[in-house]
Protein chains: 2
Amino acid sequence: MGTTQLETVPEPKYWHLRTVLSEALDSEFAVGEVLPNERDLAARFGVARATLRQALEQLELEGRLQRRRGVGTTVAPPRIGVDVGPADDSWPGISDDTWHTDDCTDVTPPVPVVRLLATSPGAMVHAVRRTRFNHGQPVATELLYVPAATVPDAADSDDGATRGRSVLRELRQLQLEGQDRAVELGSAQADDARQLDRLPGAAVLVVTTRYFASGRTAAVGVSTYRADTCRLTFGESDPVALMAS
Amino acid sequence: MGTTQLETVPEPKYWHLRTVLSEALDSEFAVGEVLPNERDLAARFGVARATLRQALEQLELEGRLQRRRGVGTTVAPPRIGVDVGPADDSWPGISDDTWHTDDCTDVTPPVPVVRLLATSPGAMVHAVRRTRFNHGQPVATELLYVPAATVPDAADSDDGATRGRSVLRELRQLQLEGQDRAVELGSAQADDARQLDRLPGAAVLVVTTRYFASGRTAAVGVSTYRADTCRLTFGESDPVALMAS
DNA sequence: CAGTGGTCTAGACCACCCC
DNA sequence: GGGTGGTCTAGACCACTGA
């Protein structure tokens with residue numbers, strides 16, 4: 001990549017740097033290739049390391065770069081499209097092996113979830129923790145909140161994962177009447193970050209799903225997707241359009 | 001909080017700061033209230049200003065804070081939910097006054113859009129630029145790419161906005177056969193940033209919509225939503241569930 | 001004008017990975 | 001080990017806002 005001069009314009013240096021690097025990535029680097037380290041790059045562009053890092057952070061947020069401590073900065077592959085319904089797999093993860101059930105505990109859900117579930121404050125619900133994999137990499141973690149009233153027959157096994165699967169099995173026996181979703185930006189808490197192989201505070205897309213059954217909100221799922229590597233897709237709203245490549 | 005780890009893991013200062021500030025926002029501040037300036041806050045917590053800013057950036061990304069140069073840092077209101085279909089308003093913005101048509105030009109669309117439209121590379125298409133408002137504030141900008149073949153009768157007016165409305169009118173006369181969407185994280189380019197009253201590089205949610213008609217992709221919309229203030233909602237997939245508050 | 005957040009610098013040390 | 005990115009500091013100056 002050429003060491004272009006940074007002319008003095010009203011444009012911030014880090015932003016100009018981002019553009020220059022972005023173009024270099026397009027033309028001179030292959031996916032997976034390792035970039036020079038930050039100190040060298042900063043010297044090459046004649047800026048402080050902090051300024052260079054601002055540009056790299058932008059590019060990482062955009063899914064162009066992947067940085068790993070102790071390893072280096074590499075060119076990221078294009079984002080993977082992960083389907084986030086609403087599709088045929090009405091209940092969460094039915095007929096799908098992309099989700100792995102990790103655990104199930106009984107908790108008092110956070111306030112926003114209580115509002116969606118319309119349970120009484122302080123009431124305990126099942127919380128099934130799952131991880132979604134794609135090409136062997138974890139792309140999302142999820143907490144599925146299921147009031148005990150929704151799944152009266154769920155087994156009370158000792159093993160959390162087994163118990164979680166039992167809750168899910170019960171769920172699928174219900175007639176799903178509808179669902180709705182919301183997507184917003186968040187930052188990964190410590191535990192989510194660890195599961196997603198990211199640092200705390202990493203940008204994530206939070207998908208909140210409400211599942212309706214028996215005329216009320218039967219469950220609420222809060223899924224946390226890596227924002228750098230994922231593009232959330234919402235399937236065709238009409239089956240006609242399946243031909244487009 | 002009782003559960004201490006066996007070995008106290010060194011949590012980054014900025015992350016701890018984020019947590020402390022977040023709790024303070026919950027308990028001691030009202031929406032719209034102005035925080036102390038960054039230099040004072042940094043001194044109060046005994047950290048460098050850059051470290052404090054890292055914490056503030058997190059909170060701003062999460063939609064908890066709003067910072068404006070020359071003014072100060074204020075407590076942000078809860079995110080507004082903006083509907084992003086697929087709803088009855090099948091074609092973009094039909095029966096909706098939340099969108100304002102700004103302009104219409106003929107361009108050769110960027111490569112990803114060309115791929116979605118399946119037009120020949122280098123072919124010109126109409127590009128309608130619109131802005132979405134919510135409570136008087138701009139929340140999104142959009143570029144709607146419409147191949148000339150889709151809207152043969154669109155007026156060739158001089159005024160860009162009039163021309164854009166003409167293209168949209170033509171669109172709505174077509175039978176919409178379906179649409180699909182994708183959501184991903186991006187950073188605002190200079191012009192989008194200006195329209196959204198943000199700085200370049202601000203985090204945005206990019207919604208890409210394909211509209212299908214006449215057995216092919218009739219239009220592609222690329223909408224850019226402010227990630228700090230918006231929660232994208234996807235309407236009920238079944239009308240049964242309209243009772244939940 | 002004074003005060004705010006935004007940008008930038010030149011260092012330092014730490015946590016992690018791999019050889 | 002030596003090399004990487006991650007955190008942190010203590011300054012400086014700039015761009016913008018509003019009185």
Side-chain angles (χ1 to χ4, degrees), chain A residues 6-19 21 33-61 64-76 187-188 190 193-194 197-203 228, chain B residues 5 7-19 21 33-61 64-76 187-188 190 193-194 197-203 228:
Chain A
L6 296 169
E7 66 263 18
T8 58
V9 287
E11 196 178 41
K13 274 189 190 174
Y14 77 89
W15 185 253
H16 183 243
L17 214 45
R18 184 207 79 109
T19 308
L21 286 170
E33 198 168 341
V34 185
L35 268 64
N37 73 54
E38 297 182 350
R39 290 160 180 88
D40 285 355
L41 273 181
R44 189 177 311 193
F45 286 104
V47 300
R49 189 176 157 219
T51 304
L52 174 87
R53 278 179 59 80
Q54 251 186 297
L56 294 185
E57 269 151 33
Q58 287 281 346
L59 290 169
E60 188 178 27
L61 213 65
R64 307 287 311 273
L65 292 180
Q66 196 162 338
R67 300 148 91 198
R68 276 184 309 171
R69 167 153 49 178
V71 179
T73 302
T74 57
V75 181
S187 50
R194 210 176 323 108
D197 192 28
R198 301 263 68 196
L199 294 168
D228 54 345
Chain B
Q5 300 285 345
E7 281 299 324
T8 60
V9 183
E11 193 181 41
K13 274 190 190 177
Y14 78 90
W15 187 253
H16 182 245
L17 214 46
R18 184 208 79 109
T19 309
L21 286 170
E33 199 167 341
V34 186
L35 268 65
N37 72 55
E38 296 182 350
R39 290 161 178 89
D40 284 355
L41 273 181
R44 188 176 312 192
F45 287 104
V47 300
R49 190 176 157 219
T51 304
L52 174 86
R53 278 179 60 81
Q54 251 186 296
L56 294 185
E57 268 150 34
Q58 287 281 346
L59 291 169
E60 188 178 28
L61 213 66
R64 306 288 312 273
L65 291 180
Q66 196 164 339
R67 300 148 89 196
R68 276 183 306 172
R69 167 155 48 178
V71 178
T73 303
T74 57
V75 181
S187 50
R194 211 175 322 106
D197 192 28
R198 300 264 69 196
L199 293 168
D228 55 345

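Letters A, B, ... mirror the listed sequences (proteins, then strands); counts begin at 1. What you see below is based on every heavy atom in this structure, not just the backbone, and it leaves out hydrogens, waters and symmetry mates.
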Inset, instruction - Any chance you could measure A/Tyr14, atom OH, to A/Glu57, atom CD, to the nearest 0.5 Å? - result: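 Those atoms lie 10.5 Å apart.
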Legend entry - Euclidean distance, B/Leu59 CG relative to B/Leu17 CG, rounded to 0.5 Å: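 Here the interatomic distance stands at 8.5 Å.
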Indicate whether OP1 or OP2 belonging to [N] is found under 4.0 Å from a side-chain N or O atom of [X].
{"X": "B/Thr51", "N": "D/dT7", "value": "no"}
{"X": "B/Arg53", "N": "C/dG5", "value": "no"}
{"X": "B/Thr73", "N": "C/dG5", "value": "yes"}
{"X": "B/Tyr14", "N": "D/dC8", "value": "no"}

Inset, instruction - Might you work through the side chain to side chain contact (heavy atoms under 4.5 Å, CB included) test for A/Arg198 and A/Asp228, ending with a clear yes or no? - result: CA-CA 10 Å; A/Arg198 301 263 68 196; A/Asp228 54 345; 3.0 Å; yes
Which nucleotide sits closest to the side chain of [X]: [options]?
{"X": "A/Arg69", "options": "D/dT9, C/dG5, D/dG6", "result": "D/dG6"}
{"X": "A/Arg67", "options": "D/dA10, C/dA10, D/dG6", "result": "D/dG6"}
{"X": "B/Glu38", "options": "C/dC8, C/dG5, D/dT7", "result": "C/dG5"}
{"X": "A/Pro12", "options": "C/dT7, C/dC17, C/dA15", "result": "C/dT7"}

Legend entry - Under-4.0 Å salt bridge between A/Arg18 and A/Glu11: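 Salt bridge absent between A/Arg18 and A/Glu11.
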Name the nucleic acid region contacted by [X], choosing base, sugar-phosphate or nothing; use a 4.0 angstrom heavy-atom cut-off, strictly under.
{"X": "A/Arg49", "value": "base"}
{"X": "A/Arg68", "value": "sugar-phosphate"}
{"X": "B/Leu56", "value": "nothing"}

Between [N] atom [atom2] and [X] atom [atom1], what is the distance in whole Å?
{"X": "A/Leu35", "N": "D/dG3", "atom1": "CG", "atom2": "C1'", "value": "16 Å"}
{"X": "A/Leu59", "N": "D/dG5", "atom1": "CG", "atom2": "C1'", "value": "16 Å"}
{"X": "B/Leu65", "N": "C/dG6", "atom1": "CG", "atom2": "P", "value": "11 Å"}
{"X": "B/Glu60", "N": "C/dT4", "atom1": "CD", "atom2": "C1'", "value": "14 Å"}
{"X": "A/Leu41", "N": "D/dG3", "atom1": "CG", "atom2": "P", "value": "17 Å"}
{"X": "B/Leu17", "N": "D/dT7", "atom1": "CG", "atom2": "P", "value": "14 Å"}
{"X": "B/Trp15", "N": "C/dA15", "atom1": "CH2", "atom2": "C1'", "value": "18 Å"}
{"X": "B/Glu57", "N": "C/dT7", "atom1": "CD", "atom2": "C1'", "value": "11 Å"}

Legend entry - Shortest non-hydrogen contact from B/Arg49 toward B/Ala42: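 B/Arg49 and B/Ala42 have their closest heavy atoms at CA-CB, 3.8 Å.
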Legend entry - Nearest heavy atoms of A/Leu65 and A/Val75, plus distance in Å: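 Shortest heavy-atom separation between A/Leu65 and A/Val75 comes out as CD2-CA, 4.3 Å.
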Legend entry - Axis bend over the full length of the helix from C/dC1-D/dG18 to C/dC18-D/dG1, computed from five pairs that close each end, to 10 degrees: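 Angle reported: 10°, given to the nearest ten degrees.
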Legend entry - A/Asp197, CG: over 12 other non-hydrogen atoms inside 6.0 angstrom: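 At most 12 heavy atoms, drawn from other residues, nucleotides or ligands, come within 6.0 Å of this atom.
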Legend entry - Side chain proximity check, B/Phe45 to B/Thr51, heavy atoms < 4.5 angstrom: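 When only atoms from C-beta onward are counted, B/Thr51 and B/Phe45 do not touch, as no gap falls below 4.5 Å.
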Legend entry - Base of C/dG3 paired with side chain of B/Arg39 (donor-acceptor, under 3.5 Å):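 Looking at the base of C/dG3, it does not pair with any donor or acceptor on the side chain of B/Arg39 (distance under 3.5 Å).
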Legend entry - Comparing B/Pro200 and B/Asn37 on DNA chain C - which has the more 5′ nearest nucleotide: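 It is B/Asn37 whose nearest nucleotide is closer to the 5' end.
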